[in-house]
Amino acid sequence: MRRRFSPVVLGVALVVGACSNAGSGIVAVTDSWAPTTPPGAQAAVVYLTIDNGTDTDDRLVSVASDRCGTIELHATQFDENRVMRMRLAEPSVLALPSGDTMEMEPGGLHVMCIAPTSPFSAGEELNLTVSMETAGDIAVTTAIANR
Ligand SMILES: [Cu+2]
């Protein structure tokens, strides 16, 4: 999110900023989960929370896993008939400015695992590679579970 500061407010914001996640100095996946799928499911979903603690704007480029035939990054939107539809996320949606956190969630941005090699079962772990434009590849192990 871009915020506009007046000069007076800016000084306060810089002090507050020193205490925020902007100080971690890394881009990190701070949370992730993948719901279980029924047998024969053609797709599975993974949700990531990605925190940009650097002073450089970044962008989510792609996610890979050997457990998926293909992975797409999807946004969920309601069409004119209020039907929920998924589509490829626009590059602007995948931007992760300095100090911001990208939270994927049901009904919003998500990782779509197309043609999983086997159903996602509770208790399994899923290995992912999250590729950021600037920070590069981040290895993530995600728990498959029902929340
Ligand atoms: Cu999707």
Side-chain angles (χ1 to χ4, degrees), residues 1-5 9 13-14 16-147:
M1 303 295 163
R2 292 290 178 195
R3 299 174 191 85
R4 203 168 288 169
F5 296 109
V9 175
L14 287 174
V16 173
C19 303
S20 79
N21 56 23
S24 76
I26 59 169
V27 175
V29 175
T30 54
D31 191 21
S32 64
W33 73 289
T36 60
T37 61
Q42 301 297 302
V45 184
V46 183
Y47 302 102
L48 305 172
T49 299
I50 311 174
D51 182 76
N52 184 354
T54 74
D55 54 14
T56 306
D57 293 346
D58 211 334
R59 183 185 304 276
L60 174 59
V61 176
S62 62
V63 177
S65 172
D66 58 12
R67 189 72 183 270
C68 308
T70 309
I71 289 186
E72 293 180 352
L73 301 171
H74 282 179
T76 308
Q77 292 171 328
F78 288 92
D79 69 10
E80 63 277 11
N81 298 315
R82 300 189 54 79
V83 176
M84 202 166 82
R85 298 191 186 283
M86 302 185 298
R87 59 179 60 191
L88 284 175
E90 300 287 337
S92 61
V93 173
L94 301 174
L96 183 55
S98 167
D100 266 13
T101 301
M102 176 188 292
E103 287 185 64
M104 299 185 187
E105 58 188 4
L109 189 62
H110 57 274
V111 176
M112 200 90 217
C113 168
I114 299 164
T117 56
S118 59
F120 282 15
S121 302
E124 287 186 301
E125 289 186 334
L126 182 66
N127 292 317
L128 303 169
T129 302
V130 176
S131 297
M132 304 298 297
E133 192 172 79
T134 302
D137 289 353
I138 305 168
V140 178
T141 301
T142 299
I144 297 174
N146 288 308
R147 277 195 185 175

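Counting starts at 1 for both ligands and their atoms, in listed order.
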Do Asp55 and Ser98 have side-chain atoms, one donor and one acceptor, less than 3.5 Å apart?
no

Listed once per pair and sorted, the salt bridge (charged side-chain N to carboxylate O under 4.0 Å, His left out) pairs that draw on residues 126-138, sequence neighbours left out
Arg59-Glu133

How about the Cu ion (ligand 1), which protein N, O or S atoms come within less than 2.8 Å?
His74 ND1, Met86 SD, His110 NE2, Met112 SD

Please find the pair of heavy atoms, one from Asp51 and one from Ser24, that lie closest to each other, and give the distance.
OD2-OG, 4.2 Å

Are any of the side-chain heavy atoms of Leu128 and Leu48 separated by less than 4.5 Å?
yes

Should Val45 and Val111 count as side-chain neighbours, where that means a heavy-atom distance under 4.5 Å?
no

Test log, rule side chain to side chain contact (heavy atoms under 4.5 Å, CB included), inputs Val46 and Arg67
CA-CA 12 Å; Val46 183; Arg67 189 72 183 270; over 6 Å; no

